[in-house]
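The structure appears below as structure tokens.
What you see is a predicted model; the values in this text were computed from it and never measured.
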Amino acid sequence: MMHLQTDSDSDPLPKPRVAVIILNWNGWIDTLQCISSVLQSNYPNYRVIICDNHSCDDSMVELESFFVQRLYLNELKAPSTVIPPGLGNRFASCSVYARHGSLDPSGRTFPKAAILRTTTNTGFAGGNNVAINFAKHWFSPDYYWLLNNDTRVTPNTLSALIDRMSTDPDAGICGATILSWDGNVQTLGGCRYLKWAGTAAPLYGGRPRPLRVGTQDVEKSMEYVAGASMLVSRRFIETVGLMDEGYFLYFEEIDWARRAAGRFTFRYAPEAVVFHREGGTIGSSQAGIRRSERSFYWLCRSRIRFTLRHHPAALPTVVFFSVMNALRWALPSHNFRILTLCIRGILDAISKPRAQAA
């Protein structure tokens with residue numbers, strides 16, 4: 001296994017190695033802003049991996065230009081040893097970036113970085129799985145920070161996540177304080193899951209950020225960590241496995257948590273702050289103007305797939321809730337394609353429960 005030395009590798013007590021994984025699909029503007037915020041981190045030992053999920057816009061050109069022209073990094077040929085065996089056919093391209101010689105004009109240093117491009121759109125789970133496998137063979141990280149590309153993080157976020165995970169040897173995933181652009185809470189760490197409705201209840205969602213947070217109270221209520229920001233331990237992935245790519249979009253993180261039940265704990269770091277423009281990439285936000293029609297298909301499909309696997313007794317009520325929710329969106333706009341896509345997603349999940357998404 002290849003190991004490329006980081007600046008902190010020579011530290012007698014090095015900080016845990018972290019792979020910061022950002023998935024991009026036709027959203028390079030958001031992705032570059034996310035990367036820029038990550039690069040302000042005060043945590044010393046991480047590498048950035050961007051996985052482009054087969055975008056059809058200018059994402060690859062803009063991402064490559066960002067590293068070479070704006071960060072003054074040199075593009076290196078990615079050694080074949082960092083491509084996981086048997087998965088090479090999922091990489092359309094793979095480039096590693098690093099700085100050689102003097103610092104850039106601002107006097108700053110930057111971590112090594114990589115840009116991957118998949119041969120097809122593999123969905124949220126598939127894109128992150130590709131990046132996790134790449135990171136494992138590149139430098140064997142202790143933690144994987146899965147971060148939505150439509151987020152911005154504060155300099156202390158990664159340090160706070162690592163500090164919280166280090167207090168519990170059984171911690172598998174740690175969540176952050178996730179805020180909307182206006183500063184209100186989207187969720188504290190994660191959510192509870194309402195199995196009879198097949199939907200999530202974000203913790204403290206929609207309220208102003210509290211001045212004080214009962215961390216243990218949040219962790220007792222949190223059934224899973226929100227997918228916008230998940231710090232995942234290497235032991236969790238080695239034990240539970242990667243995310244299930246059969247979901248394609250939605251419910252991957254809830255399924256991950258259910259599969260880990262009884263083996264790992266889920267933690268919350270209140271000082272780890274992530275600003276999130278929810279649904280910015282795929283148009284699945286609660287703001288109707290940004291919700292895409294196609295998102296209803298994946299949401300209904302994944303909800304039913306998850307219910308069949310983990311809560312089969314709740315299937316009738318979850319189907320009812322899904323159809324009523326689609327009607328709630330379809331009726332005001334007279335756009336009944338939304339309802340059609342929802343029903344198609346339900347039927348596909350029931351008829352092909354083990355099928356991988358195309």
TODO: Please round to the nearest 0.5 Å and tell me the distance separating atom CD1 of I338 and atom CD1 of I343.
DONE: 12.0 Å
Task: F336, CZ atom: more than 12 neighbouring heavy atoms under 6.0 Å - done: yes
- [ ] Using side chain to side chain donor-acceptor pair (under 3.5 Å) as the criterion, list what pairs up with T119, not counting sequence neighbours.
- [x] none
TODO: Using the salt bridge (charged side-chain N to carboxylate O under 4.0 Å, His left out) rule, collect all pairs that involve residues 87-97, keeping only residues at least two apart or in two chains.
DONE: R90-E245
Task: Sidechain-backbone polar pair: R277 side chain, D150 backbone, donor-acceptor under 3.5 Å - done: no
- [ ] For the pair T187 (side chain) and I178 (backbone), establish whether a donor and an acceptor sit closer than 3.5 Å, ignoring hydrogens and angles.
- [x] no
Open item on the list: Measuring only between side-chain heavy atoms, which start at C-beta, is T31 closer than 4.5 Å to D52?
Closed with: no
Task: pair F264-T239: side-chain heavy atoms closer than 4.5 Å - done: yes
Task: Point-to-point distance, once rounded to the nearest 0.5 Å, from CD of Q33 to OG1 of T151 - done: 10.5 Å
- [ ] Report yes or no: does S55 contribute a side-chain atom to a donor-acceptor pair with the main-chain N or O of D57 at less than 3.5 Å?
- [x] no
- [ ] Check whether any side-chain heavy atom of S322 lies under 4.5 Å from a side-chain heavy atom of I346, and answer yes or no.
- [x] yes
Open item on the list: Holding to side chain to side chain donor-acceptor pair (under 3.5 Å), I want the full list of residues that pass it with E64, two or more places apart in sequence or in another chain.
Closed with: none
Open item on the list: Going by ring pair (Phe, Tyr, Trp, His ring centres under 6.0 Å), name the residues that satisfy it together with W256, two or more places apart in sequence or in a different chain.
Closed with: F236
TODO: Quick one: sort the W138 and F134 rings into parallel, tilted or perpendicular, breaks at 30° and 60°.
DONE: tilted
- [ ] Ignoring hydrogens and angles, tell me if any N or O in the side chain of Q186 forms a donor-acceptor pair with the backbone of H276 under 3.5 Å.
- [x] yes
TODO: Look at the side chain of N53 and the backbone N and O of T122, then say whether any donor-acceptor pair between them is shorter than 3.5 Å.
DONE: yes
Task: By salt bridge (charged side-chain N to carboxylate O under 4.0 Å, His left out) - contacts of D142 (at least two apart) - done: R234
Task: Approximate separation, where rounding is to 0.5 Å, of E253 CD and S229 OG - done: 11.5 Å
TODO: Report yes if some heavy atom in the side chain of R344 is under 4.5 Å from a heavy atom in the side chain of L347; otherwise report no.
DONE: no
- [ ] Kindly compute the distance separating OG1 (T317) from CE (M324), expressed to the nearest 0.5 Å.
- [x] 13.0 Å
Open item on the list: S36: which residues meet the side-chain contact (heavy atoms from CB on, under 4.5 Å) condition with it, sequence neighbours left out?
Closed with: F66
What pairs of donor and acceptor atoms, side-chain ones from residues 158-169 against any protein atom, are under 3.5 angstrom apart with sequence neighbours left out?
unit_1	atom_1	unit_2	atom_2	d
S159	OG	N42	OD1	2.6
R164	NE	E219	OE2	3.0
R164	NE	Y268	O	3.4
R164	NH1	T167	OG1	2.7
R164	NH2	E219	OE1	2.9
R164	NH2	E219	OE2	2.9
S166	OG	I162	O	3.4
S166	OG	D163	O	2.7
T167	OG1	R164	O	2.7
D168	OD1	D170	N	2.9
D168	OD2	T265	OG1	2.6
D168	OD2	R267	NE	2.9
D168	OD2	R267	NH2	2.8

- [ ] Indicate the atoms forming the closest heavy-atom contact of S95 with E75, along with that distance.
- [x] OG-OE2, 2.8 Å
Task: pair F296-T340: side-chain heavy atoms closer than 4.5 Å - done: no
TODO: Not counting sequence neighbours, which residues clear side chain to side chain donor-acceptor pair (under 3.5 Å) with E62? List them please.
DONE: none
Open item on the list: Could you go through I49 and K112, starting from their C-alpha distance and side-chain angles, then the distance that decides it, and tell me whether this counts as side-chain contact (heavy atoms from CB on, under 4.5 Å)?
Closed with: CA-CA 9 Å; I49 300 170; K112 290 185 176 71; over 6 Å; no
Task: Residue pair V274 / A176: nearest heavy atoms and the distance that separates them - done: CG2-CB, 3.8 Å
Open item on the list: Taking L339 as the starting point, is it possible to reach F321 by hopping between hydrophobic residues whose side chains are less than 4.5 Å apart?
Closed with: no
Task: Closest non-hydrogen atom pair, P332 against R328 - done: CD-O, 3.2 Å
Task: Side-chain touch F251/L299, heavy atoms, less than 4.5 angstrom - done: yes
TODO: Spell out, as yes or no, whether a donor-acceptor pair under 3.5 Å connects the side chain of D255 to the backbone of M243.
DONE: no
Task: Working for salt bridge (Lys or Arg N to Asp or Glu O under 4.0 Å), residues D244 and R305 - done: CA-CA 11 Å; D244 183 350; R305 189 176 193 273; 2.9 Å; yes
Open item on the list: Once side-chain contact (heavy atoms from CB on, under 4.5 Å) is applied, do any residues pair with S65, and if so which ones, sequence neighbours excluded?
Closed with: Q69
Task: Where P141 and A135 come nearest, the two heavy atoms and their spacing - done: CD-O, 3.3 Å
- [ ] Report the C-alpha separation of R235 and R263 in whole Å, then their side-chain angles, then the decisive distance to 0.1 Å, and conclude whether the side-chain contact (heavy atoms from CB on, under 4.5 Å) test is met.
- [x] CA-CA 11 Å; R235 190 165 73 88; R263 294 184 285 179; over 6 Å; no
Open item on the list: Let's go through S41 and T157 carefully: what are the C-alpha distance in whole Å and the side-chain angles of both, what is the deciding distance for side-chain contact (heavy atoms from CB on, under 4.5 Å) to 0.1 Å, and is it a yes or a no?
Closed with: CA-CA 7 Å; S41 174; T157 296; over 6 Å; no
- [ ] Determine the minimum heavy-atom distance between G27 and S59, stating which atoms define it.
- [x] N-OG, 3.8 Å
TODO: Quick one: do I50 and F67 satisfy side-chain contact (heavy atoms from CB on, under 4.5 Å)? Show the steps, please.
DONE: CA-CA 11 Å; I50 298 94; F67 284 106; 3.5 Å; yes
TODO: Using the side-chain hydrogen bond (donor to acceptor under 3.5 Å, both in side chains) rule, take Y144 and N128 through it: C-alpha gap first, then chi angles, then the decisive distance, then the call.
DONE: CA-CA 10 Å; Y144 301 82; N128 279 298; over 6 Å; no
Can you list, pair by pair, the side-chain donor-acceptor contacts under 3.5 Å of residues 188-214, counting residues two or more places apart and other chains?
none

Open item on the list: Between N45 (side chain only) and K15 (backbone N and O only), is there a donor and an acceptor less than 3.5 Å apart?
Closed with: yes
Open item on the list: Check whether S302 reaches the backbone of L249 with its side chain - one donor and one acceptor, N or O, closer than 3.5 Å.
Closed with: yes
- [ ] Output all residues satisfying ring pair (Phe, Tyr, Trp, His ring centres under 6.0 Å) with H310, sequence neighbours left out; order by chain, then residue number.
- [x] F306
Task: Results of side chain to side chain donor-acceptor pair (under 3.5 Å) for N335 - residues two or more places apart only - done: E293
Task: Y247, F248, Y250 screened by ring-ring contact (aromatic ring centres under 6.0 Å, His included) with W298, the one that passes - done: F248
Open item on the list: Side chains of L147 and C34, heavy atoms from C-beta outward: is any pair under 4.5 Å?
Closed with: yes
Task: I173 and Y143, any side-chain heavy atoms less than 4.5 Å apart - done: no
TODO: Looking only at non-hydrogen atoms, find the nearest pair between N26 and N24 and report the distance.
DONE: N-ND2, 3.9 Å
Task: Straight-line distance of T120 OG1 to H54 NE2, nearest 0.5 Å - done: 6.0 Å
